[in-house]
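First comes the structure, then the notes that go with it.
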Amino acid sequence: MCTGWYTSDMAPVATTFFFYFLSGLAILSGVLVITRKNPVHSALALILTLLSVAGLYLMLYAPFVAGVQIILYVGGIMVLFLFVIMLVNIERSEREKQFNQQWLPGILAACGLGLLFVLIYVKGKALFSQPVITMPETENTQRVGMMLYSNYMFPFEIASLLLLVAIIGAVVMAKKRI
Amino acid sequence: MLSLPIFLVASVVKIVLVIFILLTAVAYTVWLERKVVGHMQNRWGPSRVGPFGLLQPLADGVKFLLKEDLTPPHVYRPLFIAAPMIAVICALTSISVIPFGTAIPVAGHIIPLQITDLNIGLLVILGVTSIGVYGVALAGWSSNSKYSLLGGLRASAQMVSYEICLGLSLVGVLIVSGSFSLQQIVESQRGYFWGFIPKWNIFYGCQFVAFFIYLMAAYAETNRIPFDLPEAETELVAGYHTEYSAMKFAMFFMAEYANMITVACLATILFLGGGNGPLFGPPLLRLILPTFYFVAKVFVFLFTYIWVRGTLPRFRYDQLMAFGWKFLFPLAIANLVVTALVVAYRS
C-alpha cells in the first residue's frame, strides 16, 4: 500500500498469517452475528466482520475497495443500523425466539451452498484463472476511476439510477403526506 | 530505498515522536482554549500553575490519573470500557498519514516527515474518523442512562449527516490535484498564480466555497460549538460522557482535541498548501521552514476553532439538520459541478 520510499523493493511480510487471521476473524464474528441475542452485540459483530473483510481486500491489492468498504459500510450504514437498534427495547428482544423452526428449507439451502463451494474448490482453477497483478499498486485507485468512467460508464449510471429510485421509494414510504 | 531494519527503526522513532508531539499539542490546545476563551469573557483563564498557567495541563493530567475511576453499577461494562479506547485509538490513528514537511536527511538516509505515505491517504483518514463515531455512540448506549443515550444518538445522526458534506467538499480538491496521496496534494500546490498569489487550493476557482463547507462539516464532525449538540450541557448534562469519570473521561477529551488537530492538519494540507511557503536562508533553515509553515497554518486553524467557540451560540437540533441537509449539501454539490467545469475548461 505504500508508494515510493520504502516498500517497493520489500516483499509482503507474513501474508499467510494475516490471511488466516482475517478470514478466521470474519467467520467467527459472522457466526456471532446470528447467535447473539442482544441486537447491539450482533451489530458490533457485523462491524467486525466488515472490517476483517476490508483487511482481506487490502491483501488482494485493492486499497480503494477496502477504503470504500470501511467508509460506506462501517462508517455509514452500520452507524444507521446501530442508531435504530439502540432505541430497541433490549429486554423484550432477548425474550424473542432466536431461530425459527424451518429446519428442512434451511438444511436444503445449506447443502446447495455447500455443494457450490465444493464445486468451486474442485473446478475453480479452470473457472477462475490465477490472477496476475497487471498494474502497479500506486495507480490502482486511479485506474479504477478511469475504468468506471470509460468502459463501465453505462452499468455505473444504471446503478446510480437504481439508487435514485430506492431513495425516492424510501421517502415515499416514510412520509405520510408528500 | 531503505532496508527493512532501518525502515523499522525509522518508523518506530517517527511514531513515538508524532504521538508525543500530538499529545503535547492536545494538552496545550486545551490550555490555549481556556486562556483565549477566558480573555474573551474578561477572565484570566488558568494562571496559578506555572508562569501564565503553562503547567496547568500537567496538573490536569495528574488530577485525571489520581481521581477515582467510577463505574456506575447499571452500565454494560465491556462496551463502557471499550468506548473511550475506540475514540482515542481512532483519533490517534488518523494522524499517521499526515505529511508535516519535506524529507530530511538523517545519517545518510532521506527520511520523510510523515509516518507513512499511502496512495489512499485521504480515504484512510475518512475511514478512521468514520469508525471514531462508534466511540461516542457506544459510550452513549452502554452508559444505560437517558442523557448519554440521547447524546450518542445525536452524535451518530450528526456525524453521518455531516460526513457527506465533508466528503463532497474534499472531492473538489481531489479533482484539482488528481491524487488521494496527501504528499502529492501538497506537491500540486507549489508555486504562484500570476507570480504573487500562492497556488493553494483555496485560491483555485471557487474552492473557498469548498473550504467553507469543509470548515462547517469539520466543526460538526468534531462536536464543537456551534455544533456540540451531543454534549449540550444545558439539555443533556454532559451528553454521551455523562457517566464517565477520571481517565476514561480524559480519553474522550483527548480524542476530541486530537480530532481537532487532525482536522486542522487536513485543512492545511488540502486547502492551505501544507508546508509550502517562501524558502530562504542556509540549508538547515530550508529544511525546517516547511514544518514551521505547516505548524503556523495549523495554529491559525485551531485559533479559529477557539474563536468560534467564544463567539457563537449553539444551534438547535432541527436547525443543525436543516443546515446540513438543505444548505451545505446542495452547496457542496454545486461547488463540485462548478469545479469540474473549471478543471475541464482549463485542461
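Sequence lines set the chain letters: A, B, ... in the order given, protein chains first and strands last, and positions in each chain run from 1. Just so you know, these numbers come straight off a predicted model, no measurement behind them.
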- State whether the number of non-hydrogen atoms from other residues, nucleotides or ligands found under 6.0 Å of Phe81(A) atom CZ is greater than 12. no

- Message: With rounding to the nearest 0.5 angstrom, report the CD1 to CD1 distance, Ile71(A) to Ile125(B).
- Response: 10.5 Å

- So, the part of Leu72(A) with a heavy atom under 4.5 Å from chain B: the answer is neither

- Message: At a 4.5 Å cut-off on heavy atoms, which part of Leu153(B) comes close to chain A: side chain, backbone, both, or neither?
- Response: both

- Query: What residue, out of Leu82(A), Val40(A), Ile70(A), has the most heavy-atom pairs lying under 4.5 Å from chain B?
  - Reply: Val40(A)

- Message: Using heavy-atom distances under 4.5 Å, tell me whether Ile164(B) contacts chain A through its side chain, its backbone, both, or neither.
- Response: neither

- Query: Under 6.0 Å from the CE atom of Met153(A), do we count more than 12 heavy atoms belonging to anything else shown?
  - Reply: yes

- Proximal to chain A - members of residues 130-143 of chain B, heavy-atom separation under 4.5 Å: Ser130(B), Ile131(B), Val133(B), Tyr134(B), Ala137(B), Leu138(B), Trp141(B)

- Query: For Phe227(B), does the CZ atom sit with more than 12 other heavy atoms under 6.0 Å from it, leaving out its own atoms?
  - Reply: yes

- Query: Heavy-atom count around Tyr73(A) OH within 6.0 Å, excluding the residue itself: above 12?
  - Reply: no

- For chain A, find its close neighbours in residues 165-174 of chain B: heavy-atom separation under 4.5 Å, sorted by number, or none. none

